[in-house]
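Residue numbers begin at 1 in each chain, while the letters A, B, ... track the order of the sequences. These numbers come from a predicted model, not from an experiment.
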Protein chains: 2
Amino acid sequence: MSVITRLDATQSDFDERLDALLAWESVSDANVAGVVSDILREVKARGDDALVEYTNRFDRRQVASVDELVIKPEQLHAALHSISGEQRDALQVAAERIRQYHQHQRQESWQYTEADGTVLGQQITAMERVGLYVPGGKASYPSSVLMNAIPAKVAGVEQLTMVVPAPDGELSPMVLAAAAIAGVDRVITIGGAQAVAALAYGTNTITRVDKIVGPGNIYVATAKRAVFGQVAIDMIAGPSEILVVCDGKTDPDWIAMDLFSQAEHDEQAQAILVSPDEEFLNKVEAAIERLLPGLERTAIAATSLKNRGALIKVANIEQALEVSNRIAPEHLELSVEDPQALLPAVRHAGAIFMGRYTPEALGDYCAGPNHVLPTSGTARFSSPLGVYDFQKRSSIIQCSAQGASTLGKVASVLARSESLEAHARSAEYRIID
Amino acid sequence: MSVITRLDATQSDFDERLDALLAWESVSDANVAGVVSDILREVKARGDDALVEYTNRFDRRQVASVDELVIKPEQLHAALHSISGEQRDALQVAAERIRQYHQHQRQESWQYTEADGTVLGQQITAMERVGLYVPGGKASYPSSVLMNAIPAKVAGVEQLTMVVPAPDGELSPMVLAAAAIAGVDRVITIGGAQAVAALAYGTNTITRVDKIVGPGNIYVATAKRAVFGQVAIDMIAGPSEILVVCDGKTDPDWIAMDLFSQAEHDEQAQAILVSPDEEFLNKVEAAIERLLPGLERTAIAATSLKNRGALIKVANIEQALEVSNRIAPEHLELSVEDPQALLPAVRHAGAIFMGRYTPEALGDYCAGPNHVLPTSGTARFSSPLGVYDFQKRSSIIQCSAQGASTLGKVASVLARSESLEAHARSAEYRIID
């Protein structure tokens, strides 16, 4: 059995085989839904008391009140000074680059005035309060703190509350340091569905937020889906994936490592290479075989590549882009000589990594753009997390007396055709000629 | 019993009484969820056959194939010529104004180049295919077709499919005419959860879409919530509401009619007036009592005002805006002399109707901004439907050799601190000094 599946886009069964490769069903578990529903109800009804009970039970803590779960500003600063200078510098460089990029996404209010004096526009404001979920334990990623927190602060969110479980009281100093650098306003060591409930409904200690963002396990994802509507949520992510399109002229070892950098995330991660150069695909396959055993996370990467990875031969670069648009990948790496020339043909992708010097890993940490990206083909309709996710719009309409008279006649006809007479009369009151 | 509740924001029990007034729970019905789940599964599995069966059953049709459910372009044009000239003109004026306003919302791609040659940016593209749900029967609103379809077409959506049930084969000519004017690409006479399923999963006849928008009953809302993630959806709306802030100098009859124009929608609709002028509140109450019996929809408006309406006395205009920000109303009417002066204090509102000449009804039909707005306080975190809802973004990262080397060092430190070694090595391959 080979290390990775080989496909050929010019063969008749390709569509079918690609569909099978991409197939992935989000787990929805009735047991989980029941547990989450209980937790949400309890936290909604009993607030802080329920929060303390669940935290003591699930995270093996022994706290008497929610106050003990709140991290003090001094603790954040202590964490920032407990990590190595190299780590602190790297977090600071990454944060500054993320901040600079995201400032380009800020949207501004606008108005315009029509000939009769009527003013139309849009007022843009930031959400007031946002909750950021950060997983605890092994999957505790400081980069995720930066990527979620910084866009919210650039948008102007006043109160950014981070929740992070501390199983057995353990917390990652890197995660706390990232929170300090990103300007998180408050950190509370709670997690799971109980943390989502506290953020969505509020308790005496935790103020209700307007939006909850950040990754989490199936309990967290199920809870977020349940409170959607009560608060806003970000997309619920599927497994991470990369599609590399290569002209065959990049070092095969580089491409193999770029695929590994996706495959090492977890067994469900998906790494696919598409190239018109069959000989190059052979070389990458050989590089995978040679380099795979030397990775720190060999077992995970090997399972991911074997079950969900593929090397796909296409007729030409145009067909490579067709395959890409069909997949709508989370990460698209265009490892070619002139990637800008291909850009107009890219219809759907979360982030586009262009040229041989832009591996996904740079975007994951410090290039500037966000690493929270639409997965599982949802780039067809969704976007990277951004400043716009923490801003909202209000329409502005200010009719002049003349404008109201003109528009009142139109509104009256349409309202009466919809049998909404009070609408019509309200408009007609403003008709002056 | 009076026609409408009176509250005073300066009294100690005001917060409590306001909370009680605003309280509204979205109906979630286990029976509905079961029916919807069956319908989704059947349409997913059996496609067009299931669609025909459900449509014949629920809409009392007798069609043999989905082809009979597709409206031909000739039928759309016939509808456009079957309505009165006045109605056609009104639809066309409204459509043109909506189009002009929404063109201001188009977002453009951008890139910038850093000192070392690294290029960062964002590519903005339209969704390819969108589905628009339009209710049939009595709640069949041509204005809703314009408000949902035009932003999608302004965004550049290639294929806009409208679904509208035709109970007993009946269709509204105004709705079809609006579809023709708005540039809808395809109209299919299906509705309910089966229409949502067809749009979300696709059938032989109906191509799967990327996003589903538009209002619907509880079956439609439940189905949209269930397919969320598979496709994008718009917000699921609660009852419509208006908050009027008045300085007491607008004609009380006008304000009464503005409140009616909300209250006549349905019994759950909410119309609230806030003013510092008690005498004015008395005059509006008298106007309500006098005008209410003469409405076409008196019973609905009376129930809405009695159960969910209120006239609220405040100490001053500043307190009026505090009440408004707490409610985060769908429609906010600032019926005052200098509404622009109040604008910076408005934190949350779907649409802001400014001055005495801007009743909500003008915005509902033809001012230009969208009438699909966040309800039930969700203006805290969401926005009017807009062109941005049909566009999506892809991040662009193109590192120069030097840029990759600089960033590679930072990424390497962070990746190793997250124990993601392949990420680190992928970045390190690009370090050149």
Largest heavy-atom contact set with chain B, pairs under 4.5 Å, which of A/Pro142, A/Gly386, A/Ala94: A/Pro142

Cationic N near anionic O, under 4.0 Å, A/Glu428 to A/Arg416: yes

When A/Val231, A/Val346, A/Leu91 are compared by non-hydrogen pairs under 4.5 Å with chain B, the top option: A/Val231

Greatest number of heavy atom pairs closer than 4.5 Å to chain A - which of B/Val93, B/Thr125, B/Leu120, B/Asn370: B/Leu120

Within the 6.0 Å centroid threshold, strictly below: A/Phe228 and B/Phe228: yes

Residue A/Ser143 versus chain B: region with a heavy atom under 4.5 Å: both

Which residues share a ring-ring contact (aromatic ring centres under 6.0 Å, His included) with A/Tyr388, sequence neighbours left out: none

Closest-packed option against chain B by number of heavy-atom pairs under 4.5 Å, given A/Ser419, A/Gly368, A/Gly408, A/Gly363: A/Ser419

Interchain contact, B/Glu421 with chain A, by part (heavy-atom threshold 4.5 Å): both

Polar contact flag, side-chain donor to acceptor under 3.5 angstrom, B/Gln122-A/His104: no

Per-residue contact mode, A/Glu296 against chain B (heavy atom under 4.5 angstrom): both

Structural part of A/Asp253 lying under 4.5 Å from a heavy atom of chain B: both

Parallel, tilted or perpendicular: ring planes of B/Trp110 versus B/Tyr112, cut at 30 and 60 degrees: parallel

Toward chain B, the part of A/Leu343 with a non-hydrogen atom under 4.5 Å: both

B/Glu114 and A/Arg97 ion-paired at < 4.0 Å: yes

A/Val130 portion near chain B, given a 4.5 angstrom heavy-atom threshold: neither

Pairing of A/Arg347 and B/Glu158 as salt bridge, 4.0 angstrom limit: yes

Leading residue by heavy atom contact count with chain B [cutoff under 4.5 Å; candidates A/Gly355, A/Ala367, A/Ser109, A/Ala301]: A/Ala367

Flag, side chain of B/Thr406 to backbone of B/Gln402, donor-acceptor distance under 3.5 Å: yes

Plane angle bin for A/Tyr141 and A/His265 - parallel if under 30°, tilted between 30 and 60°, otherwise perpendicular: perpendicular

Geometric cation-pi criterion, A/Lys211 with A/Phe390: 6.0 Å, 45°: yes

Portion of A/Ser376 that has a non-hydrogen atom of chain B nearer than 4.5 angstrom: neither

Part of A/Ala379 within contact of chain B (heavy atom distance under 4.5 Å): backbone

Residue A/Asp258 versus chain B: region with a heavy atom under 4.5 Å: both

Option in A/Arg129, A/Gln105, A/Gln87, A/His348 with maximal non-hydrogen atom pairs under 4.5 Å from chain B: A/His348

Pairs flagged by salt bridge (charged side-chain N to carboxylate O under 4.0 Å, His left out) wherever residues 396-410 of chain B is involved - sequence neighbours left out: B/Lys409-B/Asp433

Interface moiety of A/Leu334 toward chain B, non-hydrogen atoms closer than 4.5 Å: neither

Structural part of A/Glu333 lying under 4.5 Å from a heavy atom of chain B: side chain

Chain A contact via B/Ile432 - which portion, at a heavy-atom distance below 4.5 Å: neither

